[in-house]
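As structure tokens, the structure follows; a few thoughts come after it.
We number each residue from 1, following the sequence as shown. Any value given below was found using the heavy atoms of this structure, including those in side chains, with hydrogens, waters and symmetry copies removed. In each ligand, atom 1 is the first atom listed, and ligand 1 is the first ligand listed.
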Amino acid sequence: MSRRKISLIGAGNIGGVQAQLICQQQLADVVLFDVVEGRAPGKALDINHALDAWGTNCTVVGTDDYKDTAGSDLYIVTAGLPRKPGMSRDDLLSTNLGIIKQVAAGIRDNSPDAIVIVVSNPLDAMVYAMKEVTGFPKERVFGMAGVLDSARFKFFVAEALGVSVGDVVAVVLGGHGDTMVPLVRFSSVNGVPLSQLLDSDTIAAIVKRVQGAGGEIVGLLKNGSAFVSPAVASVTMAESVLLDQKRVLPCAAYLEGEYGASGIYMGVPVVIGAKGVERILELELEADEKAMLQDSIDHVVKLIGEIEI
Ligand code: TXD
């Protein structure tokens with residue numbers, strides 16, 4: 001029985017950390033792909049020289065040829081430009097759409113049965129384009145955003161309360177952008193509602209910081225965006241697929257009526273297993289939560305409407 005195979009399309013800041021994490025966790029052999037000459041092979045060699053210390057036999061191959069990705073069980077796609085200070089994720093649409101179309105064709109033509117996790121921004125639109133160009137069923141194409149956004153929410157709550165982040169439950173719905181919806185009512189510290197632990201102003205400030213956390217990091221780094229936490233979040237999703245863990249995670253999934261939306265990708269709670277998105281969980285929302293989510297749906301509909309496949 002051979003080891004599983006994950007191909008990482010994009011060997012930039014996030015791709016390099018993803019390859020490292022997958023090897024360290026002995027999840028699969030890795031093919032690291034990039035169009036910049038030498039970038040993938042160079043990072044592959046560097047990571048392979050750490051395998052001994054990690055006690056793993058998973059290896060990394062670097063390439064710029066999609067044929068080397070053939071037969072992959074899973075792809076994680078970070079190909080595309082990151083934001084610069086002052087840019088919104090949506091500003092990346094036209095450039096990254098062209099890249100994603102190219103990537104989708106490479107995946108479709110070499111691994112027609114693969115599962116694809118998209119990371120590239122603007123996330124909800126890029127996942128949509130990936131599904132449209134590959135022609136893969138909706139359960140096999142989904143996006144990473146909510147796992148990162150909820151991790152940010154958890155951290156800010158833990159920091160405010162001086163508690164372990166592992167004891168915080170935080171839920172974020174909606175598009176991966178300023179209209180994302182941190183659901184305070186569904187968030188807690190070991191079942192204790194946030195409203196019993198933090199005053200409303202502090203909660204409101206945390207919600208706002210979660211929505212702007214990506215931009216906060218872009219502003220600090222000046223050249224590039226968050227990359228360790230997105231790598232960890234996407235590899236967490238990959239692990240749930242490869243080990244069939246049935247994790248309940250917030251992911252950008254294709255909606256066909258759920259949450260009152262159809263024909264778009266958006267962040268919702270899903271069950272992730274060997275088949276990909278195996279189930280979408282519908283939460284009962286109150287009027288104010290529904291209104292916030294509708295704003296997010298409207299924004300994603302508008303963004304996807306700008307896509308020409
Ligand atoms: O939560 C989320 N989904 C976001 C996603 C969190 C953080 C970053 N987000 C987005 O991921 C970000 O806005 C970018 O669109 C992607 C990748 O971010 P990263 O920080 O890894 O960008 P880099 O370091 O520029 O790496 C991108 C790589 C780079 O090496 C390019 O040469 C390569 O993508 N690239 C390509 N690879 C394959 N095929 C094509 N056509 C291609 N074009 C560029």
* To do: Would you check whether Gly224 reaches within less than 4.0 Å of ligand 1, judged by its heavy atoms?
  => no
Distance from [atom] to nearest protein heavy atom, with residue and atom:
atom	value
atom 6 (C) of ligand 1	Pro230 CG, 3.6 Å
atom 16 (C) of ligand 1	Thr78 O, 3.5 Å
atom 5 (C) of ligand 1	Val119 O, 2.9 Å
atom 32 (O) of ligand 1	Asp34 OD1, 2.7 Å
atom 24 (O) of ligand 1	Asn13 N, 2.8 Å
atom 26 (O) of ligand 1	Gly12 CA, 3.3 Å
atom 1 (O) of ligand 1	His176 NE2, 3.1 Å
atom 42 (C) of ligand 1	Val35 CG2, 3.5 Å

* Asked: Can you find a heavy atom in the side chain of Leu8 that is under 4.5 Å from one in the side chain of Ile14?
  -> no
* Non-hydrogen side-chain atoms of Asn96 and Met126 separated by less than 4.5 Å -> yes
Distance under 4.0 Å to a non-hydrogen atom of [X]: what atoms of ligand 1 satisfy this?
X	value
Val36	32 (O)
Gln102	40 (C), 41 (N)
Ala226	7 (C), 8 (C)
Ser225	8 (C)
Leu92	13 (O)
Asn96	15 (O)
Leu148	1 (O), 6 (C)

Can [X] and [Y] be counted as an ion pair, charged N to O under 4.0 angstrom?
X	Y	answer
Lys101	Glu132	no
Lys302	Glu306	yes
Asp244	Lys246	yes
Arg3	Asp29	yes

Could you see which bit of [X] sits under 4.0 Å from ligand 1, with heavy atoms only: side chain, backbone, both or neither?
X	answer
Asp149	neither
Ile14	both
Ala79	both
Arg89	neither

* Asked: Does Arg140 make a cation-pi contact with Phe136, if we ask for NZ or CZ under 6.0 Å from the ring centre and within 45° of the axis?
  -> yes
* Cation over ring face, Lys131 and Tyr254, 6.0 Å, 45° -> yes
* Over all heavy atoms of both residues, which pair between Ile117 and Ser234 is shortest? Give the atoms and the distance, please. => CD1-O, 4.1 Å
* Structure fact -> Between Arg279 and Leu281, the two heavy atoms sitting closest are NH1-CD2, 3.9 Å
I'd like to check whether [X] has a polar contact with ligand 1, where a contact means an N/O of the residue lying under 3.5 Å from an N/O of the ligand.
X	value
Leu81	yes
Ser120	no
Tyr66	no

Report the distance from atom [atom1] of [X] to atom [atom2] of [Y], rounding to the nearest 0.5 Å.
X	Y	atom1	atom2	result
Tyr259	Ile297	OH	CD1	10.0 Å
Phe33	Ile107	CZ	CD1	9.5 Å
Ile304	Ile309	CD1	CD1	9.5 Å
Asn121	Ser225	CG	OG	7.0 Å

* Nearest-option assignment for atom 34 (O) of ligand 1, heavy atoms, candidates Ala40, Pro82, Gly80 -> Gly80
